[in-house]
**Student:** 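Starting off with a structure, shown below.
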Amino acid sequence: MTDTLIPFNRPHMTGKELGYIADAHAHGKLAGDGPYTKKCHEWLEQNAGGGKALLTHSCTAGLEMAAILSNVEPGDEVIMPSFTFVSTANAFVLRGAIPVFVDIRPDTLNIDETLIEAAITPRTRAIVPVHYAGVGCEMDTIMAIAERHQLLVIEDAAQGLMATYKGRPLGSIGHLAAFSFHETKNVICGEGGALMINDPRFHDRAEIIREKGTNRSQFFRGQVDKYTWCDIGSSFLPGELVAAFLWAQLQDARAITDKRLRVWDAYHAGLEGLERDGKIQRPVVHTQTKHNAHMYYVLLHDLEQRTRLISRLSEKGINSVFHYVPLHSSPAGQRYARTSGSLARTVALSDRLVRLPLWADMDAVTIETVIDAVKSIVHSN
Ligand SMILES: *Cc1c(COP(=O)(O)O)cnc(C)c1O
């Protein structure tokens, strides 16, 4: 074991977080939906949404709200990739619905939109595209399929803040969408997220579900004269200290994204030769999508080479990681979900992928160190 010299991630701090937290503290307004939460909502609505934003305590919580809003019943089906984080599936399994996994595209590793229609049955209620690495899914095709079959589209935009598809922000296209502000994402508050409600049909009910099933939000706006239990729900909202932290980050979201893009571009240029030599594959970003540099990954030829690269990098003190044990191969995935068609690409690609260290303030020397290490290890593979 070598000490880690280059970690996988270093959370970026803007310098304004503690000031805003001190301000919230001084005003003694600590419960949710205070002034900082409102600022975050407005920012998200202006910069990332096609409608209304509601902060949640995680993207997982946002997806759980979306699952309640989608009215899925036990036995209903929800189409999604197997190559994703557990919360994409869990949110619907908690409602008794069945995730139906389809394979991913070989270029972006996003859900293969051409396989979605074959997975639709009379029980299908929703499609959940996941924008892997902040690269947008083929949303025009997905929205058209959903319209033809009267399905909801819920974007898992956990990794997608500040990225666009044909000029539209990820998170603004589906009927509902969820962002994550977890420490490992681009814009952070420790644990946090947001539900984006792009279809106004869901506005009122989303507020009620988030406030323990009560119409408390309407009461505080003076729209009803007492508040009461109206629906199922839970406590999905974060407190003001978390929102104050997040507000500092959202204000700098463009700058954070630009810094990350510089790191991403340096990796992409530095590893071009390895791809030309047929040693690795670099990420593919099509021109209609603008990504947010959430992640830089490379694809090796097979699991053995991938394992060797991670362990040799580790010997040099560089922390790299693989990503996603496909959900259909996990114990819970086998119990609660089913597959549609072959998942051969999901299985093969998830075995070959390595994520390299990437954070906003990564300096040129550190980036070069990682690139040189990858080159020397892969060349001797
Ligand atoms: C990070 C992530 C989540 C979960 O986000 P939390 O805020 O930690 O709940 C869900 N889906 C995807 C694709 C993610 O990357």
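Numbering of ligands and ligand atoms starts at 1, following listing order.
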**Student:** For atom 6 (P) of ligand 1, which candidate among Gly190, Ala91, Ser180, Ala194 provides the closest heavy atom?
**Tutor:**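 Ranked by closest heavy atom to atom 6 (P) of ligand 1, first place is Ser180.
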
**Student:** Look only at interatomic distance and state if Gln159 has a nitrogen or oxygen under 3.5 Å from any nitrogen or oxygen of ligand 1.
**Tutor:** yes

**Student:** Give me the residue, atom name and distance of the protein heavy atom closest to atom 14 (C) of ligand 1.
**Tutor:**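 Scanning the protein heavy atoms, the shortest distance from atom 14 (C) of ligand 1 goes to Ala158 CB, 3.3 Å.
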
**Student:** Is it the case that Ser180 and Gln159 place a side-chain donor and acceptor less than 3.5 Å from each other?
**Tutor:**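 Checked: Ser180/Gln159 side chains show no N/O donor-acceptor pair below 3.5 Å.
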
**Student:** State the atoms of ligand 1, each with its element, that fall below the 4.0 Å cut-off from a heavy-atom position in Gly192.
**Tutor:** 7 (O)

**Student:** Looking only at protein heavy atoms, which one is nearest to atom 11 (N) of ligand 1, and what is the separation?
**Tutor:** Asp156 OD2, 2.8 Å

**Student:** Can you see whether His286 engages Asp107 through a side-chain donor-acceptor pair at a distance of less than 3.5 angstrom?
**Tutor:** yes

**Student:** Salt bridge between Asp372 and Lys316, side-chain N to carboxylate O under 4.0 Å?
**Tutor:** no

**Student:** Under 4.0 Å between a side-chain nitrogen and a carboxylate oxygen: does that hold for Asp258 and Arg262?
**Tutor:** no

**Student:** Using heavy atoms and a threshold below 4.0 Å, how should the contact between Val130 and ligand 1 be classified: side chain, backbone, both, or neither?
**Tutor:** side chain

**Student:** Counting from 1, what ligand 1 atoms have a heavy atom of Tyr324 closer than 4.0 Å?
**Tutor:**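 Those atoms are 13 (C), 15 (O).
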
**Student:** Kindly state whether the ring of Tyr324 and the ring of Tyr132 have centres lying under 6.0 angstrom apart.
**Tutor:**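 Yes, close enough.
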
**Student:** Which ligand 1 atoms are under 4.0 Å away from a heavy-atom of Thr60?
**Tutor:** 4 (C), 6 (P), 9 (O)

**Student:** Please test Lys52 against Met196 for side-chain contact (heavy atoms from CB on, under 4.5 Å), starting from the C-alpha separation and ending with a verdict.
**Tutor:** CA-CA 6 Å; Lys52 186 179 166 71; Met196 306 303 292; over 6 Å; no

**Student:** Among all protein heavy atoms, pick out the one at the shortest distance from atom 3 (C) of ligand 1; state its residue, atom name and that distance to 0.1 Å.
**Tutor:**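 That would be Phe85 CD2, 3.5 Å.
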
**Student:** Could you list the atoms of ligand 1 found under 4.0 angstrom from a heavy atom of Lys185?
**Tutor:**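 Counting atoms of ligand 1 from 1, those under 4.0 Å from Lys185 are 1 (C), 2 (C), 14 (C), 15 (O).
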
**Student:** Please check: side-chain N/O of Gln249 versus main-chain N/O of Ile188, any donor-acceptor pairing under 3.5 Å?
**Tutor:**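 Between the backbone of Ile188 and the side chain of Gln249 there is a qualifying donor-acceptor contact (under 3.5 Å).
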
